[in-house]
Amino acid sequence: MNNNLRIALFPGSFDPFTIGHFDIVQRALPMFDKIIIAIGYNSNKTGFFKLEDRVDWIKQAFYGENKIEVIQYQGLTVDCCNDQGAQFILRGLRTSVDFDYECSIAQMNKLMHPHIETVFLLTKPEHTPISSTIVRDIVRHGGDVSDFLPNGIKISISKHQ
Ligand code: ADP
């Protein structure tokens, strides 16, 4: 592990990755030497979109950006941070509901792994209502979600599981 590099892990389900997620990563890029976007998955519970598609879409969104890496992981986020040499966890906050949830997780992580800092960025106001859950619902019913996805990412109804 290179202690001179500031490495952040941005964990999430990203089912799918939205412009809200994209904007958080873009704004965090100047703060870190590397951001690892880590898709957490559970082998007993499949997501709506295929894991490989989710990985590909994020890679396409950051094509040419050499500070970004995309991985998948199972298990505890803090264990993934230690495996990857990441000292920071990056998370986005939309509302007080996000805050309450994130606060407990970040504080538990801090108790277990004091050397890992969780860093929060507030979402842009126009991204507050955007969630992967609602995007999935729109896709499920055949709606157009292109305004909520990073440029160039097209999700078609046939792509979902
Ligand atoms: P999780 O399953 O861990 O909640 P998500 O993929 O839903 O993962 O979200 C990953 C992170 O991105 C979380 O910190 C979440 O609060 C944040 N996030 C989700 N949507 C937005 C958005 N529209 N703007 C900013 N941050 C967001």
Side-chain angles (χ1 to χ4, degrees), residues 7-32 34-62 65 67-84 86-110 112-113 116-140 143-151 153 155 159-161:
I7 302 175
L9 194 89
F10 184 44
S13 322
F14 307 123
D15 191 19
F17 197 81
T18 68
I19 47 169
H21 299 127
F22 183 77
D23 185 65
I24 294 291
V25 174
Q26 289 281 21
R27 286 163 48 209
L29 270 174
M31 302 176 203
F32 300 105
K34 181 171 162 185
I35 297 179
I36 302 170
I37 302 173
I39 307 182
Y41 72 97
N42 178 341
S43 47
N44 298 321
K45 207 176 109 195
T46 52
F48 182 73
F49 292 106
K50 287 192 187 110
L51 201 49
E52 311 87 74
D53 286 342
R54 283 185 264 161
V55 170
D56 285 349
W57 290 329
I58 301 172
K59 284 185 177 165
Q60 281 174 47
F62 291 102
E65 175 50 74
K67 285 165 78 175
I68 299 287
E69 195 178 313
V70 186
I71 63 166
Q72 322 164 2
Y73 75 102
Q74 288 201 75
L76 294 179
T77 301
V78 278
D79 289 340
C80 182
C81 283
N82 287 332
D83 290 346
Q84 298 293 323
Q87 314 93 316
F88 301 95
I89 295 175
L90 174 65
R91 296 287 284 177
L93 291 178
R94 288 163 294 187
T95 61
S96 54
V97 176
D98 275 353
F99 176 80
D100 287 345
Y101 175 72
E102 297 290 340
C103 189
S104 311
I105 295 178
Q107 289 179 330
M108 282 300 281
N109 284 342
K110 192 76 185 154
M112 294 189 299
H113 296 266
I116 297 176
E117 276 308 338
T118 305
V119 176
F120 297 101
L121 289 186
L122 288 180
T123 191
K124 277 188 185 162
E126 62 268 35
H127 293 159
T128 303
I130 300 173
S131 73
S132 299
T133 308
I134 298 178
V135 167
R136 284 197 301 275
D137 272 348
I138 299 171
V139 170
R140 205 178 269 123
D144 178 8
V145 291
S146 48
D147 282 353
F148 311 121
L149 304 177
N151 275 342
I153 308 299
I155 290 177
K159 280 262 188 183
H160 80 85
Q161 291 174 320

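Whatever order the structure lists them in is the order used to number ligands and atoms, beginning at 1.
In summary, the aromatic rings of F120 and F99 are positioned with their centroids too far apart to meet the 6.0 Å limit.
Residue H21 holds the heavy atom nearest to atom 12 (O) of ligand 1 of all those in R94, E126, H21.
Proximity of F10 to ligand 1, defined as any heavy-atom pair under 4.0 Å, is confined to the side chain (atoms from C-beta onward).
The N/O atoms of D15, backbone and side chain alike, include none that comes under 3.5 Å of an N/O atom in ligand 1. The shortest N or O to N or O distance between F14 and ligand 1 is under 3.5 Å. By the 3.5 Å distance cut-off applied to N or O atoms, R91 is counted among the residues near ligand 1. Residue S13 places at least one N or O, backbone or side chain, under 3.5 Å from an N or O of ligand 1. Residue contacts with ligand 1: G92 is placed with a nitrogen or oxygen under 3.5 Å of a nitrogen or oxygen of the ligand (distance criterion only). At a 3.5 angstrom cut-off on N or O pairs, H127 counts as close to ligand 1.
Looking at heavy atoms from C-beta onward, I58 lies out of side-chain contact with F22 at the 4.5 angstrom threshold. Inter-residue side-chain proximity for K110 and E117 is flagged as met; some heavy-atom pair is nearer than 4.5 Å.
Between F88 and F32, the ring planes lie tilted relative to each other; the angle falls in the 30° to 60° range.
Scanning all heavy atoms of the two residues, the minimum distance from A86 to I116 falls at O-CG1, 4.3 Å. When all heavy atoms of I153 and W57 are compared, the pair lying nearest together is CD1-O, 3.2 Å.
Remark: distances from the non-hydrogen atoms of F120 to ligand 1 are all 4.0 Å or more. Remark: distances from the non-hydrogen atoms of P11 to ligand 1 include one below 4.0 Å. Heavy atoms of E102 approach ligand 1 to within less than 4.0 angstrom.
Counting the atoms of ligand 1 from 1 in the order shown, those under 4.0 Å from a heavy atom of T123 are 22 (C), 24 (N), 25 (C). Residue I130 has at least one heavy-atom neighbour below 4.0 Å for each of these atoms of ligand 1: 20 (N), 22 (C), 23 (N). The contact set between ligand 1 and G12, taken as ligand atoms under 4.0 Å from a residue heavy atom, comprises 3 (O), 6 (O), 8 (O), 10 (C). The I24 neighbourhood of ligand 1 comprises atoms 25 (C), 26 (N), with distances under 4.0 Å to a heavy atom of that residue.
To the nearest 0.5 Å, the span separating CG on D147 from CD1 on I138 amounts to 9.5 Å. Interatomic distance, L9 CG to Q87 CD, rounded to the nearest 0.5 Å: 11.0 Å.
With respect to the salt-bridge test (charged N to carboxylate O, under 4.0 angstrom), the residues D56 and K59 do not qualify.
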Q: Kindly indicate, with the supporting measurements, whether the criterion side chain to side chain contact (heavy atoms under 4.5 Å, CB included) is fulfilled by S132 and H21.
A: CA-CA 9 Å; S132 299; H21 299 127; 3.3 Å; yes
